[in-house]
2 protein chains.
Amino acid sequence: MPVRQPSKPRVRRERSEVRPYHHGDLRRVLIDAALQLAAEGAEVSVREAARRAAVSPGAPFRHFPSRDALMAAVAEEAQRRFRAEIEVALGDAPATDPLGRFRAFGLAYLRWAMRNPAHFEIISTGRYFAHGSSTEVTRDNAEVIALTERMLADAAAQGLLRSTDLKRIQIAGRALVYGFARMNLDGHFPRWGVEEGEIERTAEGVIDLFIAGIARF
Amino acid sequence: MPVRQPSKPRVRRERSEVRPYHHGDLRRVLIDAALQLAAEGAEVSVREAARRAAVSPGAPFRHFPSRDALMAAVAEEAQRRFRAEIEVALGDAPATDPLGRFRAFGLAYLRWAMRNPAHFEIISTGRYFAHGSSTEVTRDNAEVIALTERMLADAAAQGLLRSTDLKRIQIAGRALVYGFARMNLDGHFPRWGVEEGEIERTAEGVIDLFIAGIARF
DNA sequence: TCCTCTATGTAATCATCGATTACATTTCGC
DNA sequence: GCGAAATGTAATCGATGATTACATAGAGGA
């Protein structure tokens, strides 16, 4: 145990070169540190995030009442990025081809989940926040879900689907991509890492199989 | 104290009223305690399991080198039960109807996962053991997977499938049920708990949709 | 029957973590 | 300027996984 310095140094440090007592935007830095921790595969601890922000172990609790609150904020950030990526991908898909959009959606979904497994875990697990609560995460997620519902409704309107039970199709579709993403996350695709693109091509094949299954060819 | 007692204290306590120093089958009891902990939704800690076994906090480490080793044993037990349930369900399905067997398999899978969410989490997550390692869990899981491959091969042999890419169908099927189970686990089915059977009926519908999608109608 | 060896449980201890509290310092509104 | 609010620090608590030294039970050999 280091002995406390008997007297306060009282160093008048230069303003611009030394971290000031107040951090500036500790909240933001903590979220980013936690995101990075997660991306590195390490388990996210408040203390480690504080360490990376070069701040005392108790400091984060000024911005987040609990670890879960920090993780919820992290999830919020990850979910925002996820949604943004989805929307970019859909920006390229013509509105006149709902099944094509559906496909593009699934691809973007899985691509992001494959490339950001830790972030996908955080937004999907429900361990860090309740999916039913009215958080930003939930709203972003609901928006994404609404996207798929619209695509399916458009497809049905154009007579492209074999079944009229859109709810069922939608849940199955969600379960499919969610399951694929989580299988990857949970280590159910053992040796696929060898060639990087293989898993994404498999994802593509699975999506195509699903669309072929629901389409009135 | 250096000398061992030359003669035993010979307390000879009543066998049934006092817990003996040695537990009997602590390993088994710890696994069961951990399973129960998980089923209760609590997070599984070694100490709590020890507490339930009325044993000192360090005792479990005589049987499991680490918490993860305990969880791996728990996963082994859960996976065994899962496989057993699947095989019982398939025992009733005629071998002549591979798609019917496929359906029965999916139903049994999801029923078990819905009713034992914590146990399903433990065997699926890969947080407590590597899915690639040669544990009993992995072998049981591989056996279950092999079951589905046989069913699909049979179906293909009878010309029941639209596609010949069995691998793709198999992965999609796994992703579908896995995803449905995990969505339930992860809280993506908000208010469905009201009527107990609803989620299982939805699961049934999703499975049927999938089979209709792959069947040469 | 005794003795010893080994398996197994206990006690004490450590480091880490989430969390809380008292205190210090900076920042900002008046 | 000044005082209050915001924000960081220091110290501390209880729980946990883990390790170590020690104690005891129980089985097998002499």
Side-chain angles (χ1 to χ4, degrees), chain A residues 1-16 18-31 33-34 37-38 42-74 127-129, chain B residues 1-16 18-31 33-34 37-38 42-74 127-129:
Chain A
M1 232 18 177
V3 180
R4 180 186 322 298
Q5 305 265 21
S7 69
K8 273 286 187 189
R10 207 80 200 103
V11 259
R12 198 67 201 139
R13 1 185 214 209
E14 278 309 308
R15 199 41 114 160
S16 54
V18 177
R19 174 180 58 87
Y21 187 86
H22 281 129
H23 190 288
D25 195 359
L26 182 54
R27 181 189 160 87
R28 178 78 232 158
V29 172
L30 287 170
I31 293 176
L37 249 341
E43 65 175 318
V44 180
S45 79
V46 177
R47 293 178 103 95
E48 182 60 29
R51 232 169 267 134
R52 299 220 173 174
V55 103
S56 78
F61 290 89
R62 289 287 176 190
H63 298 269
F64 306 97
S66 69
R67 174 181 185 277
D68 281 3
L70 167 60
M71 294 310 292
V74 170
R127 184 170 19 228
Y128 307 121
F129 62 96
Chain B
M1 47 201 35
V3 194
R4 200 178 311 268
Q5 304 222 9
S7 68
K8 305 226 185 143
R10 223 70 200 113
V11 236
R12 209 66 207 136
R13 9 184 204 206
E14 277 311 311
R15 210 32 125 161
S16 54
V18 177
R19 177 179 58 87
Y21 189 85
H22 280 125
H23 190 288
D25 194 358
L26 182 55
R27 182 188 160 89
R28 178 78 232 160
V29 172
L30 287 170
I31 293 177
L37 250 338
E43 63 174 319
V44 180
S45 80
V46 177
R47 293 178 103 96
E48 182 59 27
R51 230 168 269 133
R52 299 219 173 177
V55 103
S56 78
F61 290 92
R62 290 287 177 190
H63 298 269
F64 306 97
S66 70
R67 173 181 185 275
D68 281 2
L70 167 60
M71 294 311 293
V74 170
R127 183 171 16 229
Y128 307 120
F129 62 95

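Reckoned from all heavy atoms, side chains included, excluding hydrogens, waters and symmetry mates. Convention: sequence-line order gives letters A, B, ...; per-chain numbering from 1.
- Of the candidates D:dT19, D:dT16, C:dT10, the closest approach to any side-chain atom of B:F61 belongs to D:dT19.
- Where A:V46 and A:R62 meet DNA chain C, the nucleotide closest to each residue was compared, and A:V46 sits on the side nearer the 5' end.
- Rounded to an integer number of Å, the gap from CZ of A:R28 to P of D:dT7 is 16 Å.
- Rounded to whole angstrom, the span from the CD atom of B:E43 across to the C1' atom of D:dG17 amounts to 12 Å.
- The side chain of B:S45 places an N or O atom within less than 4.0 Å of a non-bridging phosphate oxygen (OP1 or OP2) of D:dT16.
- Shown here are the side chain to side chain contact (heavy atoms under 4.5 Å, CB included) partners of B:S56, two or more places apart in sequence or in another chain: B:A59.
- Across the protein-nucleic acid pair, B:L37 atom CG and D:dT16 atom P stand 10 Å apart, rounded to whole Å.
- Contacts between residues 64-72 of chain B and DNA chain C, defined by a heavy-atom separation under 4.0 Å, are absent.
- A:R47 places its CZ atom 10 Å from the C1' atom of C:dA15, with the value rounded to the nearest Å.
- Applying the side chain to side chain donor-acceptor pair (under 3.5 Å) criterion to A:R127, with sequence neighbours excluded, gives A:E121.
- Sorted by first then second residue, the salt bridge (charged side-chain N to carboxylate O under 4.0 Å, His left out) pairs that include residues 48-57 of chain B, not counting sequence neighbours, are B:E40-B:R52, B:E48-B:R51, B:E48-B:R52.
- Partners of A:D25 by side chain to side chain contact (heavy atoms under 4.5 Å, CB included), not counting sequence neighbours, listed by chain and number: A:R27, A:R28.
- For B:H63, no side-chain nitrogen or oxygen approaches OP1 or OP2 of C:dA7 to under 4.0 Å.
- Partner of A:V74 under the side chain to side chain contact (heavy atoms under 4.5 Å, CB included) criterion, chosen from A:L37, A:I31, A:V44: A:I31.
- Applying the salt bridge (charged side-chain N to carboxylate O under 4.0 Å, His left out) rule to B:R47 yields no partners; only residues at least two apart in sequence or on another chain are considered.
- Between the P atom of D:dG17 and the CD atom of B:E48 lies a distance of 10 Å, rounded to the nearest Å.
- Counting any heavy atom pair closer than 4.0 Å across all strands shown, A:R51 reaches sugar-phosphate atoms only and no base atom.
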